Asker: 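Mind looking over this structure? Questions follow.
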Amino acid sequence: MPSKPSPDFNLIAPVYDTLAVLVFGQAQKRAQQHFLPQIPAGARVLVLGGGSGFLLTQLFGCCTPGKVLFLEASGTMLQKARQRLLHLPHAAAVEFRCGTEQDLLPHETFHVVLTPFVLDLFTPPEAAAMINRLAAALLPSGLWLHTDFHLSAGGRNRRWQQFLLWAMYRFFRKVSQISASRLPPLDQLLGEAGFAPREQAFFYRGFIKAQVLQAKSPPKKI
């Protein structure tokens, strides 16, 4: 199976965080850190697409993971994340790896997987393949902390959300060569992979959704 194309965020890395704050204020950050306290002490944690590493400082500020793999496809973003943790005592607990979920080793498993605003960058088939690979790396009772954009069911909010999504996809397809042109049906894809939301919270007038997902319990045998 051919590898899916990886978006290139190297060009926009120096200004990405500033742009996010200009558009969304602190909503993206609040959403990403909302469920971090649920991460168990000593857990092995995978952060996929963590960008410049904001999530790492929050992660160690509210819980005590045993080991963190920070997997980021942009070398420039990865360097910014490494610099962010350089003089902090938690740096030794983090492995920084340039790559995608395809660069996970076959034997690597995690108690917690974090996907902050990353699955929306890909087409539905690509996102489905990513979800399946991450599901294989997540331990059976593990937690999946997923944060991404979300369209409201209807009304005025949906109209401006659709316009903003259209503008964002148009911008990032040009600047970062993302493959998606619209938001994939992430709830459906995660459900098809066997995951159900245990908790969820909404931010930025419902445009951003944070979830704690867990594998559905198999039906009991009679």
Side-chain angles (χ1 to χ4, degrees), residues 3-4 6-7 9 13 16-17 28-119 121-122 127 129-148 190 193-201 210-216:
S3 298
K4 73 179 190 320
S6 291
F9 279 85
Y16 180 88
D17 290 341
Q28 281 187 306
K29 291 182 177 180
R30 288 190 290 108
Q32 290 179 66
Q33 66 190 60
H34 187 73
F35 289 119
L36 291 181
Q38 296 199 23
I39 295 176
R44 292 194 305 277
V45 178
L46 168 64
V47 181
L48 177 67
S52 64
F54 154 80
L55 203 51
L56 285 176
T57 56
Q58 304 305 306
L59 178 63
F60 286 105
C62 68
C63 51
T64 53
K67 188 71 179 177
V68 178
L69 173 58
F70 190 85
L71 193 53
E72 168 59 51
S74 165
T76 305
M77 287 286 200
L78 194 74
Q79 184 58 28
K80 287 171 71 72
R82 188 181 281 114
Q83 288 295 121
R84 191 188 289 265
L85 238 67
L86 190 61
H87 300 297
L88 297 180
H90 316 295
V94 181
E95 177 189 347
F96 293 95
R97 187 184 302 173
C98 191
T100 70
E101 78 289 344
Q102 297 172 354
D103 296 292
L104 288 170
L105 302 178
H107 67 275
E108 289 181 312
T109 56
F110 303 90
H111 300 98
V112 183
V113 166
L114 278 69
T115 48
F117 298 98
V118 62
L119 296 179
L121 303 176
F122 301 95
M130 292 178 68
I131 288 168
N132 289 333
R133 178 64 188 94
L134 293 171
L138 184 62
L139 292 167
S141 60
L143 301 179
W144 190 325
L145 274 57
H146 174 60
T147 314
D148 226 318
L190 287 161
F195 291 88
R198 195 175 78 175
E199 292 183 59
Q200 54 188 24
Q211 295 175 298
V212 181
L213 299 149
Q214 203 160 24
K216 301 172 188 174

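Not measured: the values here are computed from a predicted model. Sequence positions, counted from 1, serve as the residue numbers for this chain.
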Asker: Please report the interatomic distance CD1(Ile39) to OG1(Thr64), rounded to the nearest 0.5 Å.
Answerer: 10.0 Å
Asker: Measure the shortest side-chain to side-chain distance between Asp148 and Thr115 over non-hydrogen atoms and say whether it is less than 4.5 angstrom.
Answerer: no
Asker: Output the distance between atom CG (Leu46) and atom CG (Leu138), rounded to the nearest 0.5 Å.
Answerer: 9.0 Å
Asker: Answer whether the closest heavy-atom distance between the side chains of Leu105 and Arg97 falls below 4.5 Å.
Answerer: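 Yes, close enough: below the 4.5 Å cut-off.
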Asker: What I want to find out is whether Glu72 reaches Lys80 closely enough, with some N-O distance under 4.0 Å, to be called a salt bridge.
Answerer: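 The answer is no: the pair does not qualify as a salt bridge.
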Asker: Could you walk me through whether Leu59 and His90 pass the side chain to side chain contact (heavy atoms under 4.5 Å, CB included) check?
Answerer: CA-CA 10 Å; Leu59 178 63; His90 316 295; over 6 Å; no
Asker: Which atom names give the shortest non-hydrogen contact between Ser52 and Met77, and what distance separates them?
Answerer: N-SD, 3.7 Å
Asker: For Arg84 and Thr57, run side chain to side chain donor-acceptor pair (under 3.5 Å): C-alpha distance rounded to whole Å, both residues' side-chain angles, the deciding distance at 0.1 Å, then the answer.
Answerer: CA-CA 8 Å; Arg84 191 188 289 265; Thr57 56; 4.9 Å; no
Asker: For the atom pair CZ (Arg44) and NZ (Lys67), what is the distance rounded to the nearest 0.5 Å?
Answerer: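 If we round to the nearest 0.5 Å, Arg44:CZ and Lys67:NZ are 11.5 Å apart.
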Asker: Distance-only, no hydrogens or angles: does the Asp103 side chain make a donor-acceptor pair with backbone N or O of Thr100 under 3.5 Å?
Answerer: yes
Asker: Can you tell me how far the CZ atom of Arg82 sits from the CG atom of Leu56, to the nearest 0.5 Å?
Answerer: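 Answer rounded to 0.5 Å: 11.0 Å.
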Asker: What pair of heavy atoms forms the shortest contact from Ala210 to Ala31, and how long is it?
Answerer: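 Result for this residue pair: CB-O, 3.5 Å.
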Asker: Just wondering, do Phe60 and Val68 contact through their side chains at under 4.5 Å, heavy atoms?
Answerer: yes
Asker: Nearest heavy-atom pair of Pro140 and Ala215: which atoms, and what distance?
Answerer: O-CB, 3.9 Å
Asker: On a heavy-atom basis, which atom in Gly50 and which in Pro116 lie closest, and how many Å separate them?
Answerer: CA-CG, 4.3 Å
Asker: Run the side chain to side chain donor-acceptor pair (under 3.5 Å) test on Gln28 and Gln32 for me, step by step, so that the C-alpha distance in whole Å, both residues' side-chain angles and the decisive distance to 0.1 Å come before the verdict.
Answerer: CA-CA 6 Å; Gln28 281 187 306; Gln32 290 179 66; 5.7 Å; no
Asker: So, for Leu143 and Gln38, which heavy atoms are closest and what is the spacing to 0.1 Å?
Answerer: CD1-O, 3.7 Å
Asker: Donor-acceptor check, side chain of Gln33 to backbone of Leu55, threshold 3.5 angstrom: yes or no?
Answerer: no
Asker: For Val112 and Ala43, which heavy atoms make the closest approach, and how far apart are they?
Answerer: CG2-CB, 4.3 Å
Asker: Less than 4.5 Å apart, side chain to side chain, heavy atoms only: is that true for Leu104 and Leu69?
Answerer: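 Counting from C-beta outward, Leu104 and Leu69 do come under 4.5 Å.
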Asker: Mind checking the CG-CZ spacing from Leu114 to Phe35? Nearest 0.5 Å is all I need.
Answerer: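 Leu114 atom CG to Phe35 atom CZ measures 12.0 Å (nearest 0.5 Å).
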Asker: When rounded to the nearest 0.5 angstrom, what is the spacing between CG in Leu134 and CZ in Phe110?
Answerer: 9.5 Å
Asker: For the pair Trp144 and Phe195, name the ring-plane relationship: parallel under 30°, tilted 30 to 60°, perpendicular over 60°.
Answerer: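 Because their plane-to-plane angle is over 60°, the rings of Trp144 and Phe195 count as perpendicular.
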Asker: Hey, does Thr147 have a side-chain heavy atom less than 4.5 Å from the side chain of Phe117?
Answerer: yes
